[in-house]
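Please read all numbers here as calculations on a predicted model, not as lab measurements. First the proteins, then the strands, lettered A, B, ... as listed; each starts at 1.
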2 protein chains.
Amino acid sequence: MLDTTPAVATLPPAAIHHGRLAGIPAGAATDLEGLLAGLAPQRRRLEAREYLFRAGQPRHSLFFIHAGFFKTCILSEDGREKITGFRMRGELLGIDSLDMPCYTCDAVALDFGEVWELPTARLHTDLPEFHERLTALLASEIRRDWSWMLALATLNAEQRVITFLLDLASRLERLGFSARDLLLRMTRAELGNFLALQLETVTRALSRLQAQGLIDVQRRAVRIDDADGLRRLLMEPR
Amino acid sequence: MLDTTPAVATLPPAAIHHGRLAGIPAGAATDLEGLLAGLAPQRRRLEAREYLFRAGQPRHSLFFIHAGFFKTCILSEDGREKITGFRMRGELLGIDSLDMPCYTCDAVALDFGEVWELPTARLHTDLPEFHERLTALLASEIRRDWSWMLALATLNAEQRVITFLLDLASRLERLGFSARDLLLRMTRAELGNFLALQLETVTRALSRLQAQGLIDVQRRAVRIDDADGLRRLLMEPR
DNA sequence: CGTTGGCTTGATACGCCTCAATGCTAGTGG
DNA sequence: CCACTAGCATTGAGGCGTATCAAGCCAACG
């Protein structure tokens, strides 16, 4: 039987971020969390595929992700869609529309999730020092986006998938989870959308990496067997 | 003889942003400009291809573009490069590294240029209300990046070039210049880099659009003859 | 007037997309 | 407990769009 929590098999129960709501992680708190907890924010739980907000809805709050995985995506007038990022615990949703009356992207839970609602009005009055943090978060989102733009423009399909896996691994590790055992919360189609590839191409890339013995793929469960081998492939011309 | 200022042929001399330094534009000021002029900032002039700053250099200032065109680009460890944007009068350079001790991208003048140096320390003390503006600028840079990520991921070569031309036209128009007569300040290679295409592909796309009578290309001078025709091509599947 | 950097065009190759079929897993209801 | 189903993932075959390589062109400049 496939364990649904491969990423945390070796970690204390407190670190479990998978499983149902009982398993809300207590460990691996970010420093942001302590700051925001002082506001006693409204908490909101979401089910898989539930929208936290949609582009166009009036915006009054930011949301701190306390548990779960989210995607943010934008939609053009003619229906083209792009996932702009996969967001996890410790990140904020809604900062891209801080200066707007309405949200400018959709935020969707990929799994269950819990967010803390942070009305921007209250942030202003109760937590003025937070403004500084917000600037830093905005700037780092820009750098992150640029870095993905670079990756999508200069790497081939296999290299993009590798970049995604290594990025996910390092983010999970920073939260206290295993950097070897990943559980992808998104479909191949969503991954392809984010990486500007077709879902079949993602599948093929994963299969090829597995054939080379670098990773092990069991549908959404990916084990990284040879991170250095993956990094070596990133160095190749294209 | 090719006029080097085709974009402004029908505009008053004050609006000329091309030509040599004598032609620094007086018109089309952004509201930011008035705010910043009060600081009596240090001015700096740059020649074509001159670096305003490079990634890794200690960062103390933002720069307001008073005249000229710039590109910002990032470089990966293994030498892959990506132009993250072309910046013009009224925009700020350096906001992406606001929270860092060093710049995280290169900023290069594509032509002559004049910038106003804004030491962040002074901004804090002398212009506290600017913080709000900065947040808005950061958020809108994120949305702009996302919008380009969408374009690069979902449009074909020709459509990307069209999107670039229409975007440039509208930005120039907002500054008070012609939206029909564009003068590209970047090489085909730079344009290709930005659009995630090879320079030959950019050339071919421009040639094809010209063959359809939608634009007229004379090297860097591009005249938009049928903007609606261009927009119609954007709607097609891909 | 030669040189240089940038632009254009052509021929060919190749990586990814597209379309189609099959497989796998989890969930559902008999 | 076992069909049955629905959704997602995998694999294959073939076509297409862009990259690559190569040659020639053009304008600017010393």
What is the separation between atom [atom1] on [X] and atom [atom2] on [N], rounded to the nearest whole Å?
{"X": "B:Leu206", "N": "C:dT9", "atom1": "CG", "atom2": "C1'", "answer": "14 Å"}
{"X": "A:Arg160", "N": "C:dG15", "atom1": "CZ", "atom2": "C1'", "answer": "10 Å"}
{"X": "B:Gln218", "N": "D:dA27", "atom1": "CD", "atom2": "P", "answer": "9 Å"}
{"X": "B:Leu209", "N": "C:dT8", "atom1": "CG", "atom2": "P", "answer": "12 Å"}
{"X": "B:Leu191", "N": "C:dC7", "atom1": "CG", "atom2": "P", "answer": "9 Å"}
{"X": "A:Gln159", "N": "C:dG15", "atom1": "CD", "atom2": "C1'", "answer": "12 Å"}
{"X": "B:Arg238", "N": "D:dT18", "atom1": "CZ", "atom2": "P", "answer": "7 Å"}
{"X": "A:Glu190", "N": "D:dC8", "atom1": "CD", "atom2": "P", "answer": "9 Å"}

Within residues 193-205 of chain A: residues closer than 4.0 Å to DNA chain D (heavy atoms):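 Heavy-atom cutoff 4.0 Å gives A:Leu199, A:Glu200, A:Thr203, A:Arg204.
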Audit row: B:Phe194, B:Phe86, ring pair (Phe, Tyr, Trp, His ring centres under 6.0 Å) steps and yes/no: CA-CA 9 Å; B:Phe194 179 65; B:Phe86 298 107; 5.2 Å; yes
Euclidean distance, B:Phe53 CZ relative to B:Arg59 CZ, rounded to 0.5 Å: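 So the CZ of B:Arg59 and the CZ of B:Phe53 are separated by 9.5 Å.
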Phosphate contact (C:dG5 OP1 or OP2) by B:Thr187 side-chain N/O below 4.0 Å: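 No, outside the criterion.
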Sugar-phosphate only, base, or nothing, as touched by B:Arg188 at under 4.0 Å among non-hydrogen atoms: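 Sugar-phosphate contact only.
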A:Trp146 and B:Asp145: side chain donor to acceptor below 3.5 Å: yes
Smallest separation among heavy atoms of B:Glu158 and B:Gln212, with atom names: OE2-NE2, 3.6 Å
Non-hydrogen atoms of A:Leu150 and B:Ser76 that approach each other most closely: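 Minimum heavy-atom separation between A:Leu150 and B:Ser76: CD2-CB, 3.6 Å.
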B:Arg44/B:Glu114 salt bridge by N-O under 4.0 Å criterion: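 Looking at B:Glu114 and B:Arg44, the cut-off is not met.
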Closest-nucleotide ordering on DNA chain C, the 5'-leading residue of A:Arg219 and A:Ala157: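 Checking each residue's closest nucleotide, the 5'-ward one belongs to A:Ala157.
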From CA spacing to verdict: side-chain hydrogen bond (donor to acceptor under 3.5 Å, both in side chains), B:Thr72, B:Arg87: CA-CA 8 Å; B:Thr72 50; B:Arg87 319 289 175 172; 3.1 Å; yes
